[in-house]
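Note sheet for the following structure.
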Amino acid sequence: MATHQSITSMPFDTIGRPVLTSGWRRALKRTLSAYALSIPAIVLMVIMLIAPLVSVFILALTDYQLGAPTFEFIGLRNFKALLGDSVFWTSLGNTLLYAALVVPGSVTLGLGAALLIESGVGLRSFYRAVFFLPVMATLIAMAIVWEFMLHPTFGIANLTLVSFGLRPQNWLQDGQLALPTLAVIGIWQQFGFNMVLFLAGLVTIPKHLYEAAALDGVPNAWERFRLVIWPMLGPVTLFVVVISAIRALQVFDTVQALTKGGPNKATEVLLYTMYAEGFEFFRTGYASAVTVVFIVLVLALTLAKTFILEKRVHYA
Amino acid sequence: MATIEARDIRKSFGATPVLQGISLNVADGEFLTLVGPSGCGKTTLLRIIAGLEPQDSGTVAIGGRIVDEFPPNQRDVAMVFQSLALYPHLTVAENIAVPLTMRRLSTIARLPFGRALVPGGRAIRRSIVADVTKVASALEIEHLLQRKPGQLSGGERQRVAVARAIVRNPKAFLMDEPLSNLDAKLRVQMRTEIAQLHRRLGATFVYVTHDQAEAMTMSNRIAVMMDGELLQVGTPDQVYHEPDDLRVAEFVGSPKINVIETRLDDSGRLHFNGTPLGINATGGRSDPIKLAFRPETARLIDPGCGVLTGAVSHTENLGSDLFVHVRIDRVRDPIIARLVADAPRVSIGDVVGIDVLPSRAFAFGRSRKRIRLHPTGAEVA
């Protein structure tokens, strides 16, 4: 249709052949060079991102085992197996519970820290750096430090409890406590990142809105927060929530270092299941199916964010 | 309704003094304009009155009560900001309602569904809606109530900002260059509307602008500020016709007032280029004195008949008026004469003389302060 139109709109010579004008030719040339220039980026994107993604989706439909010379396509049998696998359901539930603890925790703490730093006068960069440290640290190394702090007999956590006359806890081996404990470590690690995002968002709120609020009779910090800060931070908050949720769904380091999914699958999470299936039991096809579930979760979050952001008014 | 009194206000930002002891009284119901070039401290003074900025020394009293210790929300003044500062996430109706919800509702009643929890909450909500509607209809923005500020034009936003300011009947209105973001035509229109609003409300207005035309057209009194000092406070007529300071004379009036350098001789007569001007003044002998006269008091005469003679360098025809720019030796800026439309036309390059009415000329001494003139009878000839 498009080519048809462009031909009819072109000038014709005496025997009815289209005349390629220099302008038309130049436009074609420009289109071609645009494609030529984007080829390196497209190639890299295919090799690094799209091809691995596609192969995961394909592997999820096979019975491939890591190192095996051959594999067969088995349709959706991996997914059917997942549906009947209680470990998978535990894992999915634990992952969602972990996210449900870490997201509110790290978002609230991040916002609180950002508001305190923004309203304070001294030592702002000190606080910024201190709260951001866990984000920069290697989580696996930090996990080992946490392991000692949480040690049932000589860990500082229990020593503190005992010194206050409270009962010591077996933080990482108690089925009730292990996942919440990991969530606390997750919050500790993530909220600094959220704080930085909130700080950036706070800076963009025009000062005159605070002043207008003051003259309009806003009596205290809480009302100022409700009238100006919270709504103006809306887009940033949405972004922070989605990023935190994606990062929470990705939890793996602390599980691998501290609990290995135990005790009794109490801290079994999606990425750990995937890792165990793929690299300990070598069931690559099955692990790929778990990965597909994970990708769908992350994708859903991303789409939800885009959808909500487009629906909302962008504040000038 | 209230008076506003500022006494000896001083303010520095770091080492830079911004306000150097400003004292100003605004009468109840008065429209006072603070005018001056950018950086003269007029906005800072307004912000100090509003409580947005603490002064280094001096006191502010509103309605006879000293408010130095009060935060902005307890001073009971409303402000229209240069940026208008509307809440972008709230509708026009919600924006206008903010000052009312903050004052009439308790913290709990302000929460969503909170009105149901508080006795009388619904009635207060209804009174707020009624007041918002009343103000909106007065400013002719009823049809915009459900829109967000981002969907409004500049003039409409302006009205919303004014509506938010007047809805709670504050003691005084402070306006910080509220028209500066509008286009020229709308600015002239809003100028009239704000002046009418002032007459209708009868409230005290303090209006900050760098535009002398806004100051002249809207105010009961004008306070001319420069370099952190208050140079003159007076009615538009006083400021225009009786400027106390050369800087006031130069700032007020468009086109700018004409200034020539003159000298005072031993017998108190003013000389320009060694020629007596026929004007006597008091002052130190051989003091340099700047003589200023408005374009409408300059008359074109035949060359050689007056002290000032030069060639026409430019003409501006405004239809009703014709401004003739004349270059004169040893005068930095061209002298501008305003002619009425039916005056004989002059062309660029014509050599003309300029006649100054001594009774309408102002002399300023070394400190730029006004010196009284004594016309010697004869006009400049």
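Letters A, B, ... are given to chains in the order of the sequence lines, protein chains preceding strands, and every chain is numbered from 1.
- Both the backbone and the side chain of B:V77 come within less than 4.5 Å of a heavy atom of chain A.
- Listed here is the closest heavy atom pair of B:R103 and A:G217: NH1-CA, 3.4 Å.
- Under the 4.5 Å side-chain criterion, counting only non-hydrogen atoms from C-beta, B:N73 is not in contact with A:D216.
- Summarising the local packing, CZ of B:R200 is surrounded by more than 12 heavy atoms from other residues, nucleotides or ligands at distances under 6.0 Å.
- Environment of CZ in A:F193: sparse, with no more than 12 heavy atoms of neighbouring residues, nucleotides or ligands closer than 6.0 Å.
- Once rounded to the nearest 0.5 Å, the distance linking OH of B:Y87 with CG of A:L227 reads 4.5 Å.
- With a 4.5 Å cut-off on non-hydrogen atoms, B:R168 touches chain A through its side chain but not through its backbone.
- Within 6.0 Å of atom CD in B:Q74, more than 12 heavy atoms from other residues, nucleotides or ligands are found, so the atom counts as buried in its surroundings.
- Results of the side-chain contact (heavy atoms from CB on, under 4.5 Å) test with A:E211 over B:R47, B:E53, B:M79 single out B:R47 as the only residue that passes.
- Using a 4.5 Å heavy-atom cutoff, the side chains of A:M232 and B:P88 are in contact.
- Within 6.0 Å of atom CZ in A:F132, more than 12 heavy atoms from other residues, nucleotides or ligands are found, so the atom counts as buried in its surroundings.
- For a residue to count as touching a neighbouring chain, one of its non-hydrogen atoms must lie under 4.5 Å from one of that chain's; by this rule B:L86 touches chain A with the backbone only.
- Within 6.0 Å of CE on A:M48 lie no more than 12 heavy atoms contributed by other residues, nucleotides or ligands.
- For CZ of A:R224, the number of neighbouring non-hydrogen atoms (other residues, nucleotides, ligands) closer than 6.0 Å is 12 at most.
- Here the straight-line distance linking atom CG of B:D176 with atom NE2 of A:H208 works out to 12.0 Å at 0.5 Å rounding.
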